[in-house]
Amino acid sequence: MSLQNQFGKDVLLTGWGHSKFGKLTDETLESLIVQVSAEAIRNSGLEPRDIDEIYLGQFNSGMQPLGFTSSLALQLSEDLANVPATRTENACASGSAAFQQGVKAVLAGTARNVLVIGAEKMTDAGADVVGAALLGASYEMAGKASTTGFTGLFAEVAKHYEKRYGAGLGGAGLGDILGSIAAKNHHNGMDNPYAQMHRDFGEEFCRTVSEKNPMVAEPLRRTDCSPVSDGAAAVVLSLGPASGAATEPVRLAGFGHANDFFPAERRDPTEFAATRVSWERALGMAGVGIDGLDFAEVHDCFTIAELIMYEAMGLTPRGEGSRAVQEGWVYKDGKLPINVSGGLKAKGHPVGATGVSQHVIAAMQLTGTAGAMQLPNARRGAVQNMGGVGIANYVSVLEAV
């Protein structure tokens with residue numbers, strides 16, 4: 001089974017664009033959207049007049065005063081006048097929500113070429129505004145004061161995990177395992193020209209609480225947390241490639257989406273049950289198992305999220321995610337490299353841009369255009385993007401053509 005077998009048509013990623021991530025003081029939300037849209041359309045071999053529909057993933061939640069952004073991409077060209085444009089929002093998974101809406105438009109036959117954009121401008125707002133905005137994705141904490149913000153929510157996940165599975169961490173403490181994940185992703189980010197953080201901190205620094213690496217919400221240190229970021233990414237989805245495309249296209253082999261209950265009391269904090277379902281749906285549609293992947297880009301908003309992701313995706317049994325780190329499975333030379341881009345941890349996490357960025361990075365890997373990030377013989381990869389604490393979950397399986 002594959003998407004093509006199920007729906008009778010291919011959905012191809014035919015062009016893409018990506019901005020630098022970080023504190024982009026010289027850019028606006030509009031300029032970022034226009035920049036990556038122009039790049040994606042140009043690289044697809046199409047012209048703006050060929051775009052049938054636009055989806056923009058953006059969380060915002062008060063971080064920007066402009067709350068009506070769907071038409072910003074039209075600023076690129078007069079030829080985009082009257083093109084249907086929709087903003088999608090699903091917390092930190094807003095970019096992948098836009099991607100899957102674009103996929104469904106192509107599958108429905110209402111569009112042949114869809115421009116999908118993910119964008120966020122977070123650093124214009126103060127830390128208190130950003131913190132309150134992100135807490136808007138929490139059922140319990142929305143609108144309430146917090147000294148630890150969303151980090152505190154994932155810190156609670158980490159505490160539950162250590163209490164339940166601490167004895168199975170291979171003799172290491174949870175803090176050391178999370179420090180190894182952080183160090184891996186910072187090391188990988190050194191090869192990513194788009195990454196916000198180009199610092200190879202090393203395991204000792206990431207594992208140690210210090211003045212430069214303080215505890216944010218125990219047991220999560222600063223190096224366990226993704227940064228506040230600006231940035232954008234875009235991809236063109238098409239039924240077929242254009243003759244002038246910059247690279248070969250990439251095929252979408254399968255996709256999955258699952259939402260969990262919002263109240264924390266209705267979820268097992270260590271399981272990410274709906275995340276697991278989204279993986280099962282995407283891999284099932286693609287007709288592959290986890291061993292059929294050459295790499296994955298996963299949602300490591302906090303290092304504990306990446307650890308649990310190893311289990312949710314089926315790489316290890318529940319409670320044994322540390323094995324993937326300790327035995328080297330998830331490193332660049334391991335059996336399933338995870339977050340070769342540096343992940344959200346080092347690349348940055350401009351919330352609405354993240355899901356689209358992950359698809360762009362995966363497409364680059366599959367077309368051999370990832371530069372210093374390039375893995376040898378990458379033929380199939382997966383993207384996993386999550387909103388909230390395992391609430392809105394999206395997975396895509398992509399493969400080289």
Side-chain angles (χ1 to χ4, degrees), residues 154-185 187-188 203 206-207 219-220 224 254 256 258 260 267-284 286-345 358 362 375 378 380-386 389-390 393-397:
F154 275 88
E156 288 301 310
V157 171
K159 290 175 183 177
H160 283 289
Y161 187 93
E162 186 164 35
K163 182 177 180 180
R164 184 176 299 181
Y165 298 121
L169 292 171
L174 179 62
D176 284 351
I177 298 298
L178 300 183
S180 293
I181 293 172
K184 168 184 72 73
N185 291 350
H187 179 75
N188 288 348
E203 287 201 355
C206 292
R207 288 178 169 185
L220 302 182
D224 293 307
D260 210 336
R267 291 177 278 114
D268 181 330
T270 69
E271 185 177 358
F272 287 15
T275 312
R276 182 183 298 272
V277 171
S278 65
W279 274 102
E280 292 170 349
R281 288 173 176 170
L283 292 170
V288 298
I290 196 72
D291 57 351
L293 301 178
D294 298 314
F295 67 92
E297 289 287 322
V298 309
H299 193 97
D300 62 320
C301 50
F302 301 93
T303 49
I304 184 62
E306 179 168 330
L307 178 64
I308 294 177
M309 200 56 55
Y310 303 155
E311 302 168 16
M313 69 196 298
L315 184 59
T316 74
R318 289 182 63 183
E320 298 182 21
S322 61
R323 290 182 57 203
V325 179
Q326 293 167 319
E327 298 180 25
W329 302 354
V330 293
Y331 290 82
K332 275 188 176 180
D333 57 354
K335 67 179 184 179
L336 185 62
I338 301 287
N339 286 336
V340 173
S341 69
L344 287 58
K345 178 78 247 343
Q358 291 173 310
L375 294 166
R380 185 183 294 118
V383 165
Q384 180 270 330
N385 187 203
M386 177 174 70
V389 187
N393 304 274
Y394 295 83
V395 176
S396 298
V397 177

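None of these values were measured; they are calculated from a predicted model. All values below come from the heavy atoms of this structure, side chains included, with hydrogens, waters and symmetry mates left out.
Applying the side chain to side chain donor-acceptor pair (under 3.5 Å) criterion to E297, with sequence neighbours excluded, gives S341.
Judged by distance alone, the side chain of N188 and the main-chain N or O of N339 form a donor-acceptor pair under 3.5 Å. Formation of a donor-acceptor pair under 3.5 Å by the D300 side chain with backbone atoms of K345 is found in this model. A donor-acceptor contact shorter than 3.5 Å is absent between the side chain of D224 and the backbone of T303. Using a distance-only test at 3.5 Å, with no hydrogens or angles considered, no donor-acceptor pair links the side chain of R164 to the main chain of G319.
Note that CG of L174 is 14.5 Å distant from NZ of K163, once rounded to the nearest 0.5 Å. To the nearest 0.5 Å, atom CD1 of residue I338 and atom OH of residue Y331 are 12.0 Å apart. Here the straight-line distance linking atom CZ of F295 with atom CG of L375 works out to 7.0 Å at 0.5 Å rounding. Here the CG-CZ distance, from L307 to F302, works out to 15.0 Å after rounding to the nearest 0.5 Å.
No side-chain heavy atom of V330 sits less than 4.5 Å from a side-chain heavy atom of I181. Counting only heavy atoms from C-beta outward, the side chains of V325 and S322 never approach each other to under 4.5 Å. For the pair K159 and P219, the minimum side-chain heavy-atom distance is below 4.5 Å. Looking only at side-chain heavy atoms (C-beta outward), V397 and L293 come within less than 4.5 Å of each other. For the pair Y310/P317, no side-chain contact is recorded, criterion being any heavy-atom separation below 4.5 Å from C-beta on. Under the 4.5 Å side-chain criterion, counting only non-hydrogen atoms from C-beta, H299 is not in contact with T275. Residues T270 and Y161 form a side-chain contact, since some pair of their non-hydrogen atoms from C-beta on lies under 4.5 Å apart. Side-chain contact between M386 and F272: present, with at least one pair of heavy atoms (C-beta onward) separated by less than 4.5 Å.
Minimum interatomic distance between C206 and G179 (heavy atoms only, all atoms of both residues): CB-O, 3.4 Å. Smallest separation of non-hydrogen atoms from S180 and R207: OG-NH2, 2.8 Å. Counting all heavy atoms, side chain and backbone alike, L220 lies closest to A155 at CD1-N, 3.6 Å. Across A274 and A258, no two heavy atoms sit closer than the pair O-CB, 3.4 Å. Between G256 and R281 the shortest heavy-atom distance is CA-CB, 3.9 Å. Minimum interatomic distance between A296 and L336 (heavy atoms only, all atoms of both residues): N-CD1, 4.5 Å.
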| message | K335 vs D291, test: side-chain contact (heavy atoms from CB on, under 4.5 Å). Steps then yes/no. | response | CA-CA 9 Å; K335 67 179 184 179; D291 57 351; over 6 Å; no
**Message:** Before you tell me yes or no, could you show the steps for I308 and V157 under side-chain contact (heavy atoms from CB on, under 4.5 Å), namely the whole-Å CA-CA distance, both residues' side-chain angles and the distance that decides it to 0.1 Å?
**Reply:** CA-CA 10 Å; I308 294 177; V157 171; 3.5 Å; yes
Residue pair M313, V395: steps toward the side-chain contact (heavy atoms from CB on, under 4.5 Å) verdict: CA-CA 10 Å; M313 69 196 298; V395 176; over 6 Å; no
| task | Show the numbers, then the answer: is there a side-chain contact (heavy atoms from CB on, under 4.5 Å) between Y394 and Q384? | result | CA-CA 6 Å; Y394 295 83; Q384 180 270 330; over 6 Å; no
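For residues 175-185, the set of pairs meeting the salt bridge (Lys or Arg N to Asp or Glu O under 4.0 Å) definition, not counting sequence neighbours, comprises K184-E306.
Using a 4.0 Å cut-off between a side-chain N of Lys or Arg and a carboxylate O of Asp or Glu, R318 and D268 qualify as a salt bridge. Contact check on R323 versus E320 returns a salt bridge, with a Lys/Arg side-chain nitrogen under 4.0 Å from an Asp/Glu carboxylate oxygen.
Between E311 and T316, the side chains place no donor N or O within less than 3.5 Å of an acceptor N or O (distance only, hydrogens not considered). Between the side chains of S278 and N393, no donor N or O sits under 3.5 Å from an acceptor N or O.
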